[in-house]
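Data block below; observations after.
Note that this is a predicted model, so its numbers are computed, not measured.
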Amino acid sequence: METAQFDANFADAVVRSFRDDAIRTAVLIDDQFPTYLQMRGAAVENEFEEVGRAANLYGFFHQRGLICDIENWRKPDEADLDLIDKVRKSDLVVLDYQLGVGGPKTALEILRHLAVSAHFNLVVLYTNDSLSKVALSAAAAMRGVATPDPKLVPSAEVLGEAEAILDREEFREVDADGLVAYLTRGETPWKDDLQAAMTEADMHLRSLRPLTDHVARSWIKQVSGGYVPVDGPLIELRCNLADASTIWIHGGSCFVAVVDKQKAGDDQAEGIYVWNRIGAALRAWRPNFYRLMLSDIQNTLELEAVTDHEAWLDDNLCLGLGLYLLESDDAAAGKMEGGAVAGSAQSLIDRFVDLIRRRLATHVKITETATSVISARLSTALGPPRPGETGRHVRARELAHVAADAACEWQEKVLPAVNAFMISDEFRGGHITTGSVLRSGETDYWLCVSPACDLEPRATGPVLLQLIRLTKGPSTDKYSTGEHIVITTQKGPAVLTALNALNRQPSLKVVLLPNGTGVVREGAAAPVLTGWFASGMAPSAFDPVIGAPPPAAAEPVIEATAETVAEPDLAAVVEATPGAPVEARQPAPAAHTGGGIAFTVVAQLRGTFATRFLMSAGQHLSRVGVDFIDL
């Protein structure tokens with residue numbers, strides 16, 4: 001197959017997946033559009049300037065079987081967060097750039113809200129203004145603006161000295177290409193011109209970054225009509241402003257097609273015109289193969305009814321699930337602790353999600369799309385490899401839509417990233433379990449290898465946790481040896497060695513958790529666990545710990561405070577765990593003596609990898625998780 005033919009077929013699949021199959025609801029937002037009820041009333045022609053356009057768009061979406069609504073926020077305070085949240089739930093948003101006296105501010109705030117939301121939205125940014133200027137302001141608003149480092153903000157004195165230079169046309173007038181480079185890649189192409197101008201003026205600064213950043217911020221303010229985008233977090237942005245008929249912006253959960261309104265006298269119906277412009281922008285976008293697959297999965301999930309599946313809702317099954325959630329009469333009487341309730345609920349959710357996963361994994365339409373796209377790509381001619389690359393590398397770049405001239409760090413970045421995806425995930429749930437990855441301090445990592453059934457938060461009291469000590473390994477190691485795990489951190493993928501390369505044995509430790517394994521949530525803090533390394537402990541340390549239940553909060557925190565239990569002496573517990581391959585009398589680090597040691601829960605291994613290291617720790621006969629119900 002010719003590459004051009006493949007690209008055309010792939011673009012057709014993108015339009016089908018992101019427009020035709022995905023759009024079920026639409027909302028039109030324009031201060032000159034009457035609402036549906038106002039359209040049926042009298043005198044709307046005198047109050048609204050675009051009644052015909054609104055009626056045509058509404059009629060088109062109605063004919064396609066889409067649920068459509070119209071909002072005409074004519075005052076800035078009408079677009080409150082509750083109404084914006086209503087917009088977020090619509091698959092397609094046709095948004096006027098200038099909304100009444102508020103100007104572009106409301107539209108830009110809506111775009112930012114959609115970009116950082118969890119729901120994917122298609123937006124038509126409809127305007128009579130300059131398309132390039134509108135697109136730049138939308139891109140800046142969606143991306144956000146980083147809070148400037150006070151050390152990098154140019155002083156009033158520096159700005160005064162550089163005033164004549166900054167007032168030159170090349171720095172005063174917006175450079176569209178340069179601003180796109182800044183918003184999408186963090187580049188400042190005007191730096192060299194600025195340096196040359198300052199050298200010519202005999203001005204010398206220790207760093208040009210404050211001024212180059214000042215130029216970018218002034219351009220953003222200029223294209224946004226004075227509106228300043230909100231400070232971070234920054235989201236990754238892609239856009240293309242080269243062709244006025246296919247201007248698109250993609251950032252976070254939002255794809256925007258910037259479209260000029262039809263002029264009076266145009267023959268094409270408004271609805272068809274907008275629909276076709278969405279398609280043209282999507283064709284020009286060229287998302288990679290993997291994003292297309294995720295879109296198909298999302299569409300299928302929204303169409304498939306998972307709440308009314310007879311095999312899942314049989315009365316006998318539902319009665320049995322009640323026994324699963326309530327393991328005792330005390331639990332039925334409402335005496336379960338919060339952590340135990342959360343643990344039971346999470347386990348039930350996991351089982352339902354696994355059933356949904358299997359249905360999606362074998363769904364004919366999703367499989368056929370993936371198969372046809374991969375087969376078609378494999379039938380095209382291979383592009384030229386870069387030095388050191390094989391055909392595998394070239395095909396991988398083509399599937400990911402990474403430019404042929406882009407340098408790919410396969411060993412140092414690509415392999416760690418894909419292995420982190422294969423091996424681990426973000427930590428979630430009500431308690432730690434087999435495969436939870438912990439960190440103490442900033443550099444020491446640990447892997448939980450206690451059986452999951454021993455970690456269920458069924459009662460209060462101490463729990464012994466068996467850990468494998470992990471060490472950081474180089475990213476160039478072979479992953480197929482089974483010695484490593486990879487997790488995603490804020491600084492990127494971290495490659496950790498779990499087994500000794502010589503004897504393939506783990507380094508095992510035991511930690512006491514005085515208050516069990518259940519998690520609570522405390523603000524925006526990362527999940528935290530406090531305990532003590534086993535170094536000899538009296539049996540009395542196993543007496544139940546009584547304390548107030550932890551407060552509900554936003555992020556998971558596994559808590560066992562030093563105030564509730566004295567620092568233990570662990571010999572009896574180690575002896576009471578026959579065959580446990582621990583290092584006896586391992587003291588807690590000096591920095592934590594008397595107060596326990598804090599662990600941050602940083603990741604969760606996927607099930608097969610968690611079981612693999614559970615076996616490495618000698619738990620060959622362990623029962624992993626609850627797998628049967630008894631009365």
Which pair of non-hydrogen atoms, one from [X] and one from [Y], has the smallest distance, and what is that distance?
X: N121; Y: L114; value: OD1-CD2, 3.6 Å
X: S245; Y: A280; value: O-CB, 4.3 Å
X: V223; Y: S137; value: O-CB, 3.4 Å
X: A420; Y: T488; value: CB-OG1, 3.6 Å
X: F48; Y: Q32; value: CB-O, 3.4 Å
X: A107; Y: Y97; value: CB-O, 3.6 Å

Just so I know, are the side chains of [X] and [Y] near enough to count as touching, which here means a heavy-atom distance under 4.5 Å?
X: F120; Y: Q298; result: no
X: T188; Y: D213; result: no
X: L183; Y: I220; result: yes
X: M198; Y: L211; result: yes
X: T369; Y: M293; result: yes
X: N299; Y: R24; result: yes
X: E170; Y: L194; result: no
X: R377; Y: F289; result: no

More than 12 foreign heavy atoms under 6.0 Å from [atom1] of [X]: is that the case here?
X: I67; atom1: CD1; value: no
X: E2; atom1: CD; value: no
X: Y290; atom1: OH; value: yes

### Task
Decide salt bridge (Lys or Arg N to Asp or Glu O under 4.0 Å) for E398 and R395; before the verdict, give the C-alpha distance in whole Å, the side-chain angles of both, and the deciding distance to 0.1 Å.
CA-CA 5 Å; E398 291 174 348; R395 280 294 186 222; 2.6 Å; yes

### Query
Do the rings of W190 and Y182 sit parallel, tilted or perpendicular, given the 30° and 60° boundaries?
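Judged by the thresholds at 30° and 60°, the geometry between W190 and Y182 is tilted.
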
### Task
Fit a plane to each ring of F10 and H401, take the angle between them on a 0 to 90° scale, and name the class: parallel (under 30°), tilted (30 to 60°) or perpendicular (over 60°).
perpendicular

### Task
Carefully, step by step, assess F61 and L92 under the rule side-chain contact (heavy atoms from CB on, under 4.5 Å).
CA-CA 10 Å; F61 292 129; L92 174 65; 3.6 Å; yes

Say whether, by atom type as modelled, one donor and one acceptor occur between the side chain of [X] and the main chain of [Y] under 3.5 angstrom.
X: T367; Y: T362; result: no
X: R112; Y: R143; result: yes
X: T212; Y: R209; result: yes

### Task
Show the numbers, then the answer: is there a side-chain contact (heavy atoms from CB on, under 4.5 Å) between N288 and R291?
CA-CA 6 Å; N288 61 42; R291 192 177 293 278; 3.7 Å; yes

### Query
Is the shortest distance from a Lys or Arg side-chain nitrogen in D96 or R53 to a carboxylate oxygen in the other one below 4.0 Å?
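Salt bridge: no.
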
### Query
For R283, which of D243, D12, D7 qualifies under salt bridge (Lys or Arg N to Asp or Glu O under 4.0 Å)?
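Single salt bridge (Lys or Arg N to Asp or Glu O under 4.0 Å) partner of R283 among D243, D12, D7: D12.
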
### Task
Would you check, one step at a time, whether the test salt bridge (Lys or Arg N to Asp or Glu O under 4.0 Å) holds for D296 with R16?
CA-CA 9 Å; D296 275 354; R16 185 264 308 157; 2.7 Å; yes

### Task
Apply the test side-chain contact (heavy atoms from CB on, under 4.5 Å) to residues I247 and L125: give CA-CA distance (whole Å), side-chain angles for both, the deciding distance (0.1 Å), then the verdict.
CA-CA 10 Å; I247 292 179; L125 193 56; over 6 Å; no

#### Entry: Step-by-step side-chain contact (heavy atoms from CB on, under 4.5 Å) determination, V124 to R277
CA-CA 9 Å; V124 172; R277 288 291 293 269; over 6 Å; no

